[in-house]
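Quick notes on the structure that follows.
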Amino acid sequence: MIDDWLSAGYKQFELRDSALSKSADFGLQKLFRDDTGKRYYITVYVYDRTRYPGYPWQDALPAPYGFMPTTQFHVGEEDSYARPFFNIEMNGNFTITEAEDWFAKIWELFGKPYYSKDE
């Protein structure tokens, strides 16, 4: 399943601070952009369930990895350092395409707030 994310253009990276990275084992990230600039990044926190005590639990055989995609949308003036932002997380069962489609819809709902615009 990790290969599916890598094939979809995500880059794997190591996490340094467990508390800040939601206790995930490592991360995946992909930039979404267009001709105007950077729209947003999707960062995926990856959890290696095989490392958890008692895996697999009871008679169930959960997938060995759990994925929690998240993004951050800043609203207001692009060059303002005090502009508010929203962290959006996705949990549950979904495909990569479904996750990307939902984040694109939310980006539009927020008024298409660019992470940064090209000069």
What distance separates [X] [atom1] from [Y] [atom2], expressed to the nearest 0.5 Å?
{"X": "F26", "Y": "L15", "atom1": "CZ", "atom2": "CG", "answer": "9.0 Å"}
{"X": "L28", "Y": "D4", "atom1": "CG", "atom2": "CG", "answer": "11.0 Å"}
{"X": "D25", "Y": "Y45", "atom1": "CG", "atom2": "OH", "answer": "13.0 Å"}
{"X": "L109", "Y": "F86", "atom1": "CG", "atom2": "CZ", "answer": "10.0 Å"}
{"X": "E108", "Y": "R39", "atom1": "CD", "atom2": "CZ", "answer": "7.0 Å"}
{"X": "T70", "Y": "Q29", "atom1": "OG1", "atom2": "CD", "answer": "10.5 Å"}

Tell me, do [X] and [Y] make a side-chain contact under 4.5 Å, heavy atoms counted?
{"X": "K30", "Y": "K11", "result": "no"}
{"X": "P64", "Y": "Y47", "result": "no"}
{"X": "F103", "Y": "I88", "result": "yes"}
{"X": "Y40", "Y": "I42", "result": "yes"}
{"X": "Y114", "Y": "D34", "result": "yes"}
{"X": "Y10", "Y": "I96", "result": "yes"}
{"X": "W107", "Y": "K112", "result": "yes"}
{"X": "K38", "Y": "S116", "result": "yes"}

* What about the rings of Y115 and Y41, do their centers lie closer together than 6.0 Å? -> yes
* Taking the six-membered ring for Trp and the full ring for Phe, Tyr or His, determine whether the centres of F110 and F73 are under 6.0 Å apart. =>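 Yes, the ring centres sit under 6.0 Å apart.
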* To do: Check the pair R33 / D118 against salt bridge (Lys or Arg N to Asp or Glu O under 4.0 Å), numbers first and verdict last.
  => CA-CA 10 Å; R33 63 174 302 121; D118 296 339; 2.6 Å; yes
* Donor-acceptor under 3.5 Å (E98 side chain, T95 main chain) -> yes
To check you understand the geometry: which heavy-atom pair defines the closest contact between [X] and [Y], and what is its length?
{"X": "Q12", "Y": "L6", "answer": "N-CD2, 4.1 Å"}
{"X": "P113", "Y": "H74", "answer": "CB-O, 2.8 Å"}
{"X": "A99", "Y": "F94", "answer": "CB-CD1, 3.9 Å"}

* To do: Report the C-alpha distance between E89 and M68 in whole Å, list the side-chain angles of each, state the deciding distance to 0.1 Å, and finish with yes or no for side chain to side chain contact (heavy atoms under 4.5 Å, CB included).
  => CA-CA 7 Å; E89 296 176 350; M68 185 180 72; 3.9 Å; yes
